[in-house]
Amino acid sequence: MNTDLLYIMSAVYLGITVFLGYLGYRHTKSSKDYMIAGGNVHPVLMSLAYGSTFISTSAIVGFGGAAGVYGMSLLWLTVFNIFVGIFVAFVFFGVKTRQLAQELQVKTFPEFLGARFASPFIRKFSAAMICLTMPLYAAAVMIGGARYMEEALQMDYVTALTIFAVIVLAYVFFGGLRGVIYTDALQGIVMFIGMAALVIFTYSLLGGVTTAHLKLEALRNMVPQAMIAKGHMGFTAMPAFGSELWWFVISTLVLGVGIGVLAQPQLAVRFMTVSSAKGIYNGLGVGAVFILFMTGVAFTVGALSNVYFVEHGGKLALAATAAGGTAPNIDKIIPLFITLAMPEWLRYIFLFTLLSAAMSTLSGQFHIISTSISYDLNPKKGASDAQTLMLARIGTLLGFLLTLALALYLPAGIIAIATALFFGMCTAVFLPIYAAALYWPRITASGAMYSMITATVVYAGLVFFVHEKEAGIFGLCARLFGVNTLGVTPWTYIDPLVIALPVSAIVLIAASLLTQPAVEAAVAEEL
């Protein structure tokens, strides 16, 4: 290991990161600066910050590792990420969100929903949901960064996790959203360079684009019988329609994350940082290209890593992670491939790529946790900017500690599952009322409240007691009833979102229509 090169690159990277964090600190003089970066961010910076916050180590390491198991079928998630996560999000959600946020004079996503429905309950419920569930996603991101440091630097996992977490905490704690956006833009550039180099070297290593894909297709005969029984059709094909793996790839990974991006509070707040709708449209192209390179490269390389591991050890990617008698770990596929297959300088670049991906996402997550605690859940009205900033930084610290505890507690191979779980919960709880807040004037506060509460109960119930993957991880069903799941096939592997989202939307519409006469009567009475 060339430690001198690593130290030099680390010093430059951390030096620039610290400087940008300091720059954010210098320009953070009010709660508006801390929460929405003053509302005057350049559209290119906004797009890079949006993209780098959207794409984290959970996408590169977790979902890249999933592609190492399920193959090129995950590229459908890239399609959804670009069409839904960028085009629909920017054009149909971003512009209206910025406009309405300006009219309502709000600074956070929970405040946006609360003000739209004139409901303190909706604001506080949204903030509480963010504080309780966001650390799960943040932990998945943190695990991804630490796993790569563990492999690339031959470092103890807990040590890597601690070092990585402290670096992120430092600049979010002081810089607020200005510091986050400045560093996100830098990290987005680093991520783009790293992923471009990775895909070029991967194809070069495997004999070129055509040869690499033909080799991957030929590995169909090596797929374990247990995976074939669940619907695996090879690494260049979709799983068998309607099979257990098909439902997992489509309902959990593709739909759960592909649609779930629309309801991510840390992304919605990015639209509030630009000064005009034109800025959002101007950032559309940058965001689309960025997401294409990030997810498309990660999923392609994850699948192709099987070719490398077979040629250099006779094992598929997942089996190769079980060296030394340890259990196979899907989260180690990408880190192990980079460590073994790439030249040393590229390993270091990719180290900073993953650090950038994780830091940009974690900074947005810790930021929204802090504002939810300090601003949306704060019972004290009329707090000064100094008091709000102090509480925000305390909120960041609390979110950090909870995330770190989860990262130490969660089992191996959890990154993609934890990410999809958080996205699914946000989609079921927030997406129907968020969309209706923008486009359906007849929605009522009662309809929104019933929708959110119902979605939370239904989704949580399915996660803890029906969907086998999550029910087995949390173990609540086993402790109460002595079995891992109370469900029956196919509901044990169909994602909870498939049920919870339609139920949430139906309750929203029905409750709003039923309470509409009462609203109209109250307005008529006032007149």
Please check if the number of heavy atoms outside Y203 that lie under 6.0 Å from its OH is greater than 12. yes
Hey, does I8 have a side-chain heavy atom less than 4.5 Å from the side chain of Y348? no
* Asked: Are any non-hydrogen side-chain atoms of L316 and L219 less than 4.5 angstrom apart?
  -> yes
Item to complete: Look at the side chain of N306 and the backbone N and O of G68, then say whether any donor-acceptor pair between them is shorter than 3.5 Å.
Response: yes
- Task: Report yes or no: does H232 contribute a side-chain atom to a donor-acceptor pair with the main-chain N or O of A226 at less than 3.5 Å?
- Result: no
Do T485 and H467 make a side-chain contact, defined as non-hydrogen atoms from C-beta onward lying under 4.5 Å apart? no
Name every donor-acceptor pair, under 3.5 Å, that has one atom in a side chain of residues 234-243 and the other anywhere in the protein, sequence neighbours excluded.
from	atom 1	to	atom 2	distance (Å)
T236	OG1	E217	OE1	2.3
S243	OG	K230	O	3.3
S243	OG	A240	O	2.6
S243	OG	W246	N	3.2

- [ ] Determine, stepwise, if the pair I189 / F290 fulfils side chain to side chain contact (heavy atoms under 4.5 Å, CB included).
- [x] CA-CA 9 Å; I189 294 170; F290 184 83; over 6 Å; no
Rounding to 0.5 Å, atoms CE (M142) and CD1 (I415) come to a distance of 12.0 Å
Strictly distance-based, threshold 3.5 Å: is any side-chain N or O of S204 a donor or acceptor partner for the main-chain N or O of I200?
no
Looking only at heavy atoms, the pair that brings L205 and A341 closest together is CD2-CB, 3.7 Å
The complete set of ring-ring contact (aromatic ring centres under 6.0 Å, His included) pairs with one or both residues in residues 56-79, sequence neighbours excluded, reads Y70-F248
Interatomic distance, SG@C426 vs CD1@I259, rounded to 0.5 Å, equals 14.0 Å
* Asked: Considering only heavy atoms from C-beta outward, does the side chain of M342 approach that of T202 to under 4.5 Å?
  -> yes
Does a side-chain heavy-atom distance below 4.5 Å link K469 with Y493?
no
(Q) Under the criterion side chain to side chain contact (heavy atoms under 4.5 Å, CB included), I'd like the reasoning laid out for M195 against F350: C-alpha separation, chi angles, the key distance, then a yes or no. (A) CA-CA 8 Å; M195 297 303 279; F350 199 73; 3.6 Å; yes
Between V69 and I333, is a side chain to side chain contact (heavy atoms under 4.5 Å, CB included) present by the stated rule, with each step listed? CA-CA 9 Å; V69 176; I333 291 176; 4.1 Å; yes
Test ring-ring contact (aromatic ring centres under 6.0 Å, His included), reference F201, set F337, Y308, W345, output is W345
So, does N329 use its side chain to make a donor-acceptor pair with the main chain of G413 at under 3.5 Å? yes
Correct closest heavy-atom pair for A160 and A146 would be CB-O, 3.8 Å
L406 and L136 have their tightest heavy-atom pair at CD1-N, 3.8 Å
Of all heavy-atom pairs linking A428 and L497, the shortest is N-CD1, 4.0 Å
Interatomic distance, CZ@F90 vs OG1@T97, rounded to 0.5 Å, equals 11.5 Å
Could you please spell out the steps behind the side chain to side chain contact (heavy atoms under 4.5 Å, CB included) verdict for F299 and M72?
-> CA-CA 7 Å; F299 304 158; M72 294 286 186; over 6 Å; no
Result for side chain to side chain contact (heavy atoms under 4.5 Å, CB included) between F422 and one of T427, T133, V257 points to T133
Original post:
Hey, does F87 have a side-chain heavy atom less than 4.5 Å from the side chain of L284?
Top reply: yes
- Check for a donor-acceptor pair, side chain of T403 on one end and backbone N or O of G399 on the other, with a separation under 3.5 Å. yes
Exercise for the section: For the residue pair K315 and F309, establish whether any side-chain heavy-atom pair is separated by less than 4.5 Å. Expected result: no
Interatomic distance, CZ@F80 vs CD1@I250, rounded to 0.5 Å, equals 7.5 Å
d(L336 CG, D331 CG) to nearest 0.5 Å is 12.5 Å
In terms of heavy-atom contacts, I368 and P265 come closest through CD1-CB, 3.2 Å
Within a radius of less than 6.0 Å around CZ of F83, do more than 12 heavy atoms belonging to other residues, nucleotides or ligands occur? no
Separation between CG (L198) and CZ (F293), nearest 0.5 Å, reads 11.5 Å
Is there side-chain contact between I473 and I417, with at least one heavy-atom pair below 4.5 Å? yes
Taking every heavy atom of T321 against every heavy atom of P328, the minimum-distance pair comes out as OG1-CA, 3.5 Å
